[in-house]
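Report on one structure; see the data block that follows.
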Amino acid sequence: MTIALYVLACLVGAILLALYFRSIVVVALLNSKSNDFVERNARRSAVAIIQRFIGRSIGYTEIQRRQAWIMPLFVLIAVVTWFLLVQIAFTGILWGLRIEPDFWRALSASGSALSTLGYLTPSTLVGEYLAVFQAAIGLAVVMLLFTFVPGYQAAIQTRERRVGWFYARTEDEASSERYLGWLLEKKDDGGITEGWEDWENWFRGIRETHTLSPILSYVPSIYPGTSWIATSLSVLDTANALTACLGRQAPAEARLCRREGATTMRLIAGALGVGAPPRPHGRSADTNRFDRLYDALVAAGLPVIHDRAECRRSYLAMRVEYAPFIQQVAVATLTPTSVLDVTGPFPGAASASNEAISSAI
């Protein structure tokens, strides 16, 4: 019975060590999405802990300030989990091989090697080799800690440069109407076709970063009150309106941007594991928004398809490809629907009253 217990301890230690190496490879080295239990549980724990302290009645700026703690807590939980995996794994190996006959002494020796303190090194040759190997793993975990954070920060900064650019052109509000108005002001200089390749690349970039590291979706925008999710919705709504209303005359870049953006938001929602998207259904806010976008394109003298009803049906049908997934991401990240798209006058329009759409999707 005792021998079987020692063998079992060695096997458990080897399995935990294999799980550690798999987790490290998946999280740090693989350039493809793969499910990892450490990343998943660390992310869910960090999100649950922080969002527990976010009330329903607080403003979006305060929500952003509190959610900024999700990333540091996630990194802390992940690193602690990796340390514990390795420490428990080597504890089982040291005790199972009888290198340290006492279990608690084996636990202490494992912690000594992993932390590179070296206050308790096994006296046998095998134990010393194991201590060296474990110390190397401990150093690797520390190195990963210092390499993860700059990588995460770089991904967020790249995302936020475009968000800041967008809000500067929409009077600090996420609005497809205001963005289309800004484009139409420059239509004589080719403004209607401007920037779509940049947005396509932006969507492709956040697809690469936010699906490989879903925790990035919870990191709020750098600029208070802004939202990368709201930016995504407004840009896609604008591209969608051009595609639906101009038909074959729509810029090819806008059509590609809409397609890439829809795919990106679907994959990001899937990476967050938030379940199936809500059933799409028409809302008056969507219809009213389309009518204003359509009228703006007509007023600008663009070759709009004359059948407004057909354009509206096309607009709403294509919107289903991304709006439900954006809603999923917004709910998961506690982004209020009131900031997702803001209705307001086009730049230079006579109407001066701005009104928030309480249900943007």
Side-chain angles (χ1 to χ4, degrees), residues 19-20 22-30 33-56 58-88 111 114-116 137-164 205-231 268-269 271-274 329-336 339:
L19 289 175
Y20 160 78
R22 181 192 182 278
S23 177
I24 288 294
V25 169
V26 169
V27 173
L29 300 178
L30 286 185
K33 176 61 181 171
S34 183
N35 194 18
D36 176 65
F37 78 101
V38 173
E39 183 277 333
R40 182 178 65 252
N41 291 326
R43 168 165 47 90
R44 290 178 177 176
S45 299
V47 171
I49 291 172
I50 297 301
Q51 290 188 350
R52 188 176 183 86
F53 295 95
I54 299 178
R56 296 181 179 272
I58 64 176
Y60 182 52
T61 301
E62 181 62 19
I63 291 176
Q64 288 181 302
R65 189 185 69 82
R66 298 186 186 184
Q67 286 210 133
W69 288 95
I70 289 180
M71 172 63 80
L73 184 58
F74 161 77
V75 173
L76 178 62
I77 293 175
V79 170
V80 169
T81 303
W82 285 327
F83 261 86
L84 289 177
L85 273 177
V86 176
Q87 182 170 5
I88 296 172
L114 182 61
S115 62
T116 69
I137 294 177
L139 290 174
V141 173
V142 174
M143 290 174 60
L144 284 172
L145 172 63
F146 287 104
T147 55
F148 273 163
V149 175
Y152 286 148
Q153 292 292 346
I156 295 301
Q157 290 167 2
T158 301
R159 184 190 75 186
E160 292 305 306
R161 288 191 194 101
R162 199 65 184 171
V163 172
I206 63 173
R207 181 197 307 179
E208 295 168 358
T209 55
H210 290 49
T211 55
L212 290 177
S213 301
I215 191 66
L216 295 176
S217 297
Y218 295 95
V219 178
S221 292
I222 296 174
Y223 309 100
T226 66
S227 167
W228 70 273
I229 302 172
T231 299
I268 290 177
L272 294 179
V274 289
V329 179
V331 170
T333 58
L334 301 185
T335 303
V339 306

Check your understanding: Minimum heavy-atom separation for Ile215 to Glu39, with atom names?
Key -> N-OE2, 4.5 Å

Review point. Can you find a pair of side-chain heavy atoms, one from Thr333 and one from Ile229, that are under 4.5 Å apart?
Key: yes

Point to revise | Interatomic spacing from CH2 in Trp69 to CG in Leu76 - rounded to 0.5 Å | key: 11.5 Å

Check your understanding: Looking at CZ of Arg66 and CD of Glu62, how far apart are the two atoms once the value is rounded to the nearest 0.5 Å?
Key -> 4.5 Å

Revision key, fill the gap. All heavy atoms of Arg22 vs all of Asp36, minimum pair found to be NH1-OD1, 3.8 Å

Practice item. Kindly give the heavy-atom pair with the smallest separation between Leu73 and Ala46, and that separation in Å. Key: CD2-CA, 3.8 Å

Review point. With a 4.5 Å limit on heavy-atom distance, are the side chains of Thr231 and Thr226 in contact?
Key: no

Point to revise | Nearest non-hydrogen partners of Ile63 and Pro336, listed with the distance | key: CD1-CG, 4.5 Å

Check your understanding: Does the Thr81 side chain pair with the main chain of Ile77, one donor and one acceptor, at a distance under 3.5 Å?
Key -> yes

Check your understanding: Is the shortest heavy-atom distance from the side chain of Tyr218 to the side chain of Ile50 under 4.5 Å?
Key -> no

**Study point:** Interatomic spacing from CZ in Arg40 to OG in Ser45 - rounded to 0.5 Å
**Key:** 10.5 Å

Check your understanding: Should Arg43 and Ile70 count as side-chain neighbours, where that means a heavy-atom distance under 4.5 Å?
Key -> no

Point to revise | Gap separating the CD1 atom of Ile156 from the OG1 atom of Thr209, nearest 0.5 angstrom | key: 7.0 Å

Review point. Can you tell me how far the CG atom of Leu19 sits from the CG atom of Leu85, to the nearest 0.5 Å?
Key: 6.5 Å

Review point. Do Val38 and Val27 have side chains that get closer than 4.5 Å, going by heavy atoms?
Key: no

Check your understanding: Does a side-chain heavy-atom distance below 4.5 Å link Thr335 with Tyr60?
Key -> yes

Practice item. List the steps, then state whether side-chain contact (heavy atoms from CB on, under 4.5 Å) holds for Met71 with Val75. Key: CA-CA 6 Å; Met71 172 63 80; Val75 173; 4.0 Å; yes

Exercise for review: For residues Glu160 and Tyr223, report the shortest heavy-atom separation together with the two atoms involved.
Suggested key: O-CE1, 3.4 Å

Check your understanding: Can you check whether Gln67 reaches Gln51 side chain to side chain, under 4.5 Å on heavy atoms?
Key -> yes

Exercise for review: Can you measure from CZ (Phe83) to CD1 (Ile137) and round to the nearest 0.5 angstrom?
Suggested key: 10.5 Å

Review point. With side chains defined as the heavy atoms from C-beta onward, is the minimum distance between Gln64 and Ser221 less than 4.5 Å?
Key: yes

